[in-house]
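This report concerns only the one structure given below.
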Amino acid sequence: MRNYNANAQAYTSTHTRKKIMGYLFLLPAVVSFLYFVWYPLVLSFIMSVQRVSLAGVTSFVGSANFKTLWADPVFAKAWSNTAYFTVLALLIGYLVPVIVAVLINEVRFGQAFFRISVYLPRVAPAVAVSILWLWLFDPSRGLLNTILGWFGLPASQWLLSSKTAMPSLVLMSTWAGFGGTAIIYLAALQGIAEELYEAAEIDGASIWQRARNITLPQLKPVMLVTLILQLLGTMQVFSEPFIMTGGGPNNATMTVLLLIYRYAFNYMDLGVASAASLILFVILAILSFVYFKLSNQEN
C-alpha cells in the first residue's frame, strides 16, 4: 500500500510538472495575444469616450465622439462605400477561387505550375501590386483601355470616375487575393476520394456535372468558413483605397478604415477614431455571431 501511494504521488508530481511546463511554454503566446489584441481593444473603448491629445492629456467627453461621427456625412458615405465594396467583392471574388481550384484540380499535368501561378499575386507587396494596377488603369496609356480599343470600345476613366472607381478596386483586390483562397480549396479537394471522380467519369459525367454533384457538396464546409473570412476581410478594406485613390474621387472610395485613419493621423482626433473603430468592431462581431449561429443550425 505504501509503495502504491508513493507511486501515485510520484505520478501526480510528474504530471503536475508537465502541466506547469506546458503552461510556461504557452505563456508567451498568451501574453502577446493579450498585449497586442485585447489591450488595444480595451484602450480603444476607453479612448472612445475621451478627448485624447497627442501630448497625453485626456478628458472625459462621454458620447461626444459618437455624436461627431453621426453628424459627419462622410461617415455614412464611408459605410455605404464599404458595404458596396463588400457586396461587389463577394459577387465577383467569392466564386472565382472555387472555379480556379476546380479547374486546376481537373488538370492532369502541370498542377504545380498553376498552383504557383495563382498564388504569386498573394505574396506580392501591396505597394507593388498597386503601382502595377495604376499603370493598368491609366486612362490614356493603360493596358486595359488599350485592350478596349482593340475591340472598338470606348476608354474608361477607371479610378477617376465615381461610377467605376470602386468596381476597379474590387477587380484589383480580387486578382491580388483569390490565389490564397484557391490554394485552400485545392487542399480541400485533395481530401475528396478519387473513387467518386472515377465512378463519375465511367458514367460519362462532364466536368460541370462532377463539380456540381461531387466537388461543391464536398467543399461546402470550407466555403462557409471562407465566406465569413472574406466578409470580415472586405469590410476592413484599407490598403486599396489608401494607395490607389486616397478615398476619391469625391469620397467614392472612402471606406470606414480609411476614415478612421484620417481621423487619427490627419485630423489628430484619436477619440473619434476610437469611436469609429469600436462601431466597426461591434458590427463585425455581430456578423460573426449571426454566421456561426446559422452554421450551427445547418449542422
Side-chain angles (χ1 to χ4, degrees), residues 74-103 117-139 142-148 151 153-185 223-262 280 283-284 287-288 291:
V74 181
F75 183 65
K77 180 68 174 176
W79 271 108
S80 64
N81 288 340
T82 301
Y84 181 40
F85 182 92
T86 300
V87 171
L88 281 181
L90 290 176
L91 290 176
I92 298 174
Y94 182 64
L95 291 179
V96 170
V98 180
I99 296 172
V100 171
V102 171
L103 291 176
S117 298
V118 300
Y119 193 71
L120 277 178
R122 183 69 176 177
V123 300
V127 175
V129 172
S130 300
I131 293 174
L132 170 64
W133 279 88
L134 281 173
W135 172 73
L136 294 176
F137 286 137
D138 189 281
L143 178 62
L144 295 181
N145 278 344
T146 301
I147 295 175
L148 292 177
F151 296 95
L153 299 175
S156 175
Q157 292 299 307
W158 302 110
L159 299 175
L160 301 180
S161 171
S162 299
K163 295 181 179 180
T164 59
M166 191 63 81
S168 300
L169 293 182
V170 172
L171 177 63
M172 184 198 76
S173 63
T174 300
W175 176 85
F178 83 93
T181 309
I183 294 299
I184 295 175
Y185 287 134
M223 293 179 67
L224 291 175
V225 173
T226 56
L227 174 62
I228 187 61
L229 291 178
Q230 185 169 352
L231 178 63
L232 298 179
T234 51
M235 290 197 67
Q236 299 177 75
V237 57
F238 172 76
S239 59
E240 290 87 351
F242 177 74
I243 298 174
M244 302 285 289
T245 63
N250 299 322
N251 291 323
T253 57
M254 176 63 66
T255 61
V256 176
L257 275 185
L258 184 57
L259 183 63
I260 293 173
Y261 174 87
R262 283 194 175 181
L280 177 62
I283 291 178
L284 293 179
L287 289 175
S288 301
Y291 165 79

Practice prompt. Over 60° means perpendicular and under 30° means parallel, so classify the ring planes of F242 and F238, tilted if in between.
Written response: parallel
Practice prompt. Determine the minimum heavy-atom distance between A252 and M166, stating which atoms define it.
Written response: O-CE, 3.4 Å
Response to the item:
When rounded to the nearest 0.5 Å, the distance separating CG of L153 from CG of L144 is 12.5 Å
Discussion item. Could you report the tightest heavy-atom contact between A101 and Y185, atom names first, then the distance?
Written reply: CB-CB, 3.6 Å
Practice prompt. Check for a donor-acceptor pair, side chain of S161 on one end and backbone N or O of Q157 on the other, with a separation under 3.5 Å.
Written response: no
Worksheet item: Looking at A182 and V100, what are the two nearest heavy atoms and their distance?
Response: CB-CG1, 4.5 Å
Worksheet entry | Value rounded to 0.5 Å, distance of CE in M235 from CZ in F85 | 11.5 Å
Item to complete: Answer yes if the side chains of D138 and W158 hold a donor-acceptor pair under 3.5 Å, and no otherwise.
Response: no
Item to complete: Side-chain contact test, heavy atoms from C-beta onward, threshold under 4.5 Å: evaluate it for V129 versus P121 and give yes or no.
Response: no
Item to complete: For S130 and I243, indicate whether the former's side chain and the latter's backbone hold a donor-acceptor pair under 3.5 Å.
Response: no
Item to complete: Please examine the side chains of P167 and Y84, heavy atoms only from C-beta on, and report whether any two atoms are closer than 4.5 Å.
Response: yes
Fill in: Polar side chain donor-acceptor pair, T181 to Y94, under 3.5 angstrom
no
Worksheet item: So do R262 and V74 actually touch side chain to side chain, heavy atoms under 4.5 Å?
Response: no
Practice prompt. Would you name the heavy atoms of L259 and M254 that are closest together and state the gap between them?
Written response: N-SD, 3.7 Å
Worksheet item: Donor-acceptor pair, Q230 side chain versus V225 backbone, under 3.5 Å?
Response: no
Worksheet entry | pair L171-I92: side-chain heavy atoms closer than 4.5 Å | no
Worksheet item: Which value, rounded to the nearest 0.5 Å, describes the distance between S168 atom OG and W133 atom CH2?
Response: 9.0 Å
Worksheet item: What distance do Q236 atom CD and T255 atom OG1 have between them, rounded to the nearest 0.5 Å?
Response: 10.5 Å
Discussion item. Counting C-beta onward and ignoring hydrogens, is there a side-chain heavy-atom pair between T164 and L159 closer than 4.5 Å?
Written reply: no
